[in-house]
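In what follows, a structure is listed as structure tokens, so that the remarks can point back to it.
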Amino acid sequence: MIVADQLTKVYENGVVGLDHLCLEVKPGEIFCMLGANGAGKTTTINLFLNFIEPTSGRALINGIDVNKDPLEAKKYVAYLGEVVQLYGNFTAIQNLDFFTKLSGRRDVSKREYRDCLRRVGLPEWAFDTKVKKFSKGMRQRVGLAIVMMKDTPAIILDEPTSGLDPRGAQDFLDMLKVLRDEGKAIFMSTHAIFRAKEVGDRVGIMKQGRLVMVLEGEELEEVDLEKVYLEYMRGWGVD
């Protein structure tokens with residue numbers, strides 16, 4: 001569903017942002033990518049969203065090369081970043097309606113919008129409140145509702161729990177598990193090691209544009225992920 005095939009990005013100044021990444025995120029799976037700033041996480045996401053062009057290799061969404069057919073590929077993926085871009089003078093309902101229609105859905109009732117906002121845990125009083133008054137956690141909930149209303153098989157998330165309080169972050173991760181169980185393929189970049197271990201079916205570690213390790217299943221249960229991550233960041237265990 002979300003596939004990187006020898007995906008490489010070398011910037012004009014010669015910096016290697018991504019070095020022959022091979023990765024597949026399947027339906028019903030959450031893949032969490034860990035890495036320091038500059039490790040290649042954001043470059044990976046930008047390539048999948050066709051914000052930048054690859055130097056070589058392919059980024060595929062639902063089998064579609066995002067660089068060759070970006071409009072078709074975007075029909076199958078929803079994106080949520082660290083900072084949710086909403087219209088401050090619109091209410092939560094109005095933002096949800098606007099972005100849902102922008103994605104091509106025109107047959108959604110106000111009741112469905114309200115049900116979706118309830119599902120992501122937004123308080124009822126906030127449905128008709130302008131989002132400029134919202135906390136970051138509340139804005140993230142609206143952003144997740146927008147992702148859910150688009151109802152794509154692939155979801156890409158860039159540091160979605162950054163800056164959230166513990167309750168807000170936990171609620172967000174619980175909702176991701178629900179989406180995973182509905183068959184969504186979810187790719188999430190994060191700095192939060194413990195949250196990655198909690199929610200990820202597989203966890204990858206990026207360093208200097210390379211995917212240096214992937215842990216899954218029993219491996220994730222058995223290892224001290226923080227220790228493994230820090231060892232790679234210090235340079236141990238890397239060829």
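The shown structure was predicted, so the numbers you read here are calculated from the model rather than taken from an experiment.
- A salt bridge is defined here as a Lys NZ or Arg NE, NH1 or NH2 lying under 4.0 Å from an Asp or Glu carboxylate O, and Lys101 with Asp97 meets this definition.
- Note that the CG atom of Leu71 and the CG atom of Asp69 stand 7.0 Å from one another [nearest 0.5 Å].
- Under a 4.0 Å N-O distance rule, the pair Lys207/Asp19 does not qualify as a salt bridge.
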Practice problem: Evaluate salt bridge (charged side-chain N to carboxylate O under 4.0 Å, His left out) for Arg195 paired with Glu198, printing each intermediate quantity in order. | Solution: CA-CA 5 Å; Arg195 289 171 183 161; Glu198 176 189 348; over 6 Å; no
Practice problem: Begin from the C-alpha positions of Glu182 and Arg119 and carry the test salt bridge (charged side-chain N to carboxylate O under 4.0 Å, His left out) through to its verdict. | Solution: CA-CA 14 Å; Glu182 292 177 355; Arg119 192 178 175 194; 2.2 Å; yes
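- Side-chain polar atoms of Tyr11 and Thr43 form a donor-acceptor pair below 3.5 angstrom.
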Exercise. Before giving the answer on salt bridge (charged side-chain N to carboxylate O under 4.0 Å, His left out), spell out for Lys177 and Asp181 the whole-Å C-alpha distance, their side-chain angles and the decisive distance to 0.1 Å.
Key: CA-CA 6 Å; Lys177 294 175 185 177; Asp181 292 343; over 6 Å; no
Quiz item: Hey, mind stepping through Arg141 and Asp171 against salt bridge (charged side-chain N to carboxylate O under 4.0 Å, His left out) and telling me if it holds?
Solution: CA-CA 9 Å; Arg141 291 176 191 270; Asp171 287 348; 3.0 Å; yes
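- Defined by atom type and a distance below 3.5 Å, a donor-acceptor pair is missing between the side-chain atoms of Thr91 and Asp128.
- A parallel orientation is assigned to the rings of Phe31 and Phe187, their planes being inclined by less than 30° (bins at 30° and 60°).
- A salt bridge is absent between Arg139 and Glu82; no separation between the charged side-chain nitrogens and carboxylate oxygens falls under 4.0 Å.
- In this structure, Glu29 does not pair ionically with Arg180, as no charged nitrogen and carboxylate oxygen lie closer than 4.0 Å.
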